[in-house]
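The block underneath contains the structure these notes are about, expressed in C-alpha cells.
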Amino acid sequence: MSILDFLGLGSKGSVYEAPAKPSSAMEHIVERLKDMPVEEAEWIAAFAMVMARAARADFEINPEEAKAMEQLLQEYGGLDPEQASLVAEMATNRSLLLGASDDYLATREFRRIARSGGRERILHCLFAVSAADDSISIVEEEEIRQVASELGIEHGEFTAARAKFREKRAVLRGLGRPGTNPI
C-alpha cells in the first residue's frame, strides 16, 4: 500500500483538490452586494480582490490605484459609482489587512468563476490599476505575472497585455530616449 492510498488520496489515481471556499474578504463584499444575484456578487468580489492584490504589490494602495479600481468595477462589474467606491474601498482595506493568503484565495476563486474571456481581460485591468499612478513598478509587474500564472494564462497572453502598457513600465523608463544612457 502506498502512502497516498493510506491517506485516501491515491486509490482512484486522481489528484485531491480541496473544495473551493471564497476568502473571508470576498464573503464580506458579497454580503454588502446582497441586492444582486450571488454569482454576480461573487464575481465582483473576486474581481475587486484580484485588482487590490496587484495594487498592493508594493505594500500600498495609492488613491490613483483605488480610483482606477472604482472605474473598472463600474465598467466591467456594472456597478454604479457609489457601489464601485464601496467595493473598491472594502477590497483595498481587506487586502491591506489580510494580505497574501486571502489574495491567493480570491485569485483561485476568480479562476473558478471567471466569465468567458474574463481571465484574459483581467490582465488589462491589473496593468491599468498598477499604471494609474503613471508607473508600473517591477514589483507590481511581477505580482501581475504571478496572478496570470495562477489564472492559467499563457505567457504570450501576459506579454501581449503588458506590451500595451510599455510606456508605464518603470523597468523601461529612459531606455531608447535620446541623451539617456541606461548603463
Side-chain angles (χ1 to χ4, degrees), residues 17-33 36 38-77 79 83-115 117-133 135-155 157-159 161-162 165 168-171:
E17 191 170 313
K21 180 185 182 296
S23 70
S24 62
M26 280 184 54
E27 289 172 351
H28 190 67
I29 294 170
V30 169
E31 287 173 17
R32 295 300 295 262
L33 298 172
M36 63 178 54
V38 173
E39 298 82 20
E40 187 175 339
E42 287 176 347
W43 184 89
I44 289 169
F47 178 58
M49 289 298 298
V50 174
M51 287 192 297
R53 176 181 176 177
R56 188 186 56 79
D58 56 2
F59 300 107
E60 70 172 322
I61 299 174
N62 65 44
E64 294 88 0
E65 291 168 331
K67 189 68 171 165
M69 287 176 58
E70 289 177 28
Q71 292 169 342
L72 292 165
L73 284 163
Q74 289 176 56
E75 182 179 343
Y76 292 103
L79 300 180
Q83 285 178 313
S85 178
L86 175 67
V87 169
E89 183 179 342
M90 290 173 66
T92 57
N93 288 339
R94 301 294 283 192
S95 182
L96 290 167
L97 179 67
L98 300 173
S101 63
D102 247 38
D103 289 344
Y104 171 77
L105 293 173
T107 304
R108 185 176 72 179
E109 184 67 6
F110 186 83
R111 179 179 180 156
R112 187 183 71 76
I113 63 177
R115 300 171 184 158
R119 292 183 199 177
E120 294 76 22
R121 266 183 259 139
I122 198 168
L123 279 180
H124 172 80
C125 296
L126 298 178
F127 280 112
V129 167
S130 295
D133 61 356
S135 178
I136 301 171
S137 71
I138 294 170
V139 173
E140 290 170 323
E141 190 173 317
E142 287 304 311
E143 188 69 24
I144 296 169
R145 182 188 314 271
Q146 180 63 37
V147 169
S149 174
E150 291 171 19
L151 293 175
I153 296 171
E154 298 291 327
H155 184 69
E157 292 175 86
F158 169 81
T159 56
R162 183 183 65 187
F165 292 88
K168 303 289 186 181
R169 294 179 62 207
V171 71

Looking only at atom types and distance, does a side-chain atom of [X] sit under 3.5 Å from a main-chain N or O of [Y], one as donor and one as acceptor?
X	Y	value
Thr92	Ala88	yes
Glu142	Val139	no
Arg111	Glu150	yes
Thr107	Asp103	yes

Provide the closest heavy-atom pair for [X] versus [Y] in the form atom of the first, atom of the second, distance.
X	Y	answer
Leu72	Ala128	CD1-CB, 4.3 Å
Ala55	Val129	CB-CG1, 3.7 Å
Leu126	Met51	CD2-CA, 3.7 Å
Leu73	Ala84	CD1-O, 3.7 Å
Ala91	Met69	CB-CE, 4.2 Å

How about [X] and [Y]: do any of their side-chain heavy atoms sit closer than 4.5 Å?
X	Y	value
Glu31	Met90	no
Arg162	Ile136	no
Ile44	Gln83	no
Glu64	Lys67	no
Val171	Glu141	yes
Val87	Arg32	no
Glu65	Asn62	yes

Measure the [atom1]-[atom2] distance between [X] and [Y] for me, rounded to the nearest 0.5 Å.
X	Y	atom1	atom2	answer
Arg53	Ile61	CZ	CD1	12.5 Å
Glu143	Ser137	CD	OG	10.0 Å
Leu151	Gln146	CG	CD	10.0 Å
Glu42	Met36	CD	CE	12.0 Å
Met26	Ile113	CE	CD1	5.0 Å
Leu33	Leu79	CG	CG	6.5 Å

Electrostatic pair Glu109:Arg112 at N-O distance under 4.0 angstrom
yes
Might you confirm whether atom CD of Glu154 has over 12 heavy atoms from other residues, nucleotides or ligands at distances under 6.0 Å?
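Check fails, neighbour count at 12 or below.
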Can you label the angle between the Phe47 ring and the Tyr76 ring as parallel, tilted or perpendicular, going by 30° and 60°?
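Perpendicular: the ring planes of Phe47 and Tyr76 meet at over 60°.
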Can His124 and Phe165 be said to form a side chain to side chain contact (heavy atoms under 4.5 Å, CB included), step by step?
CA-CA 9 Å; His124 172 80; Phe165 292 88; 3.6 Å; yes
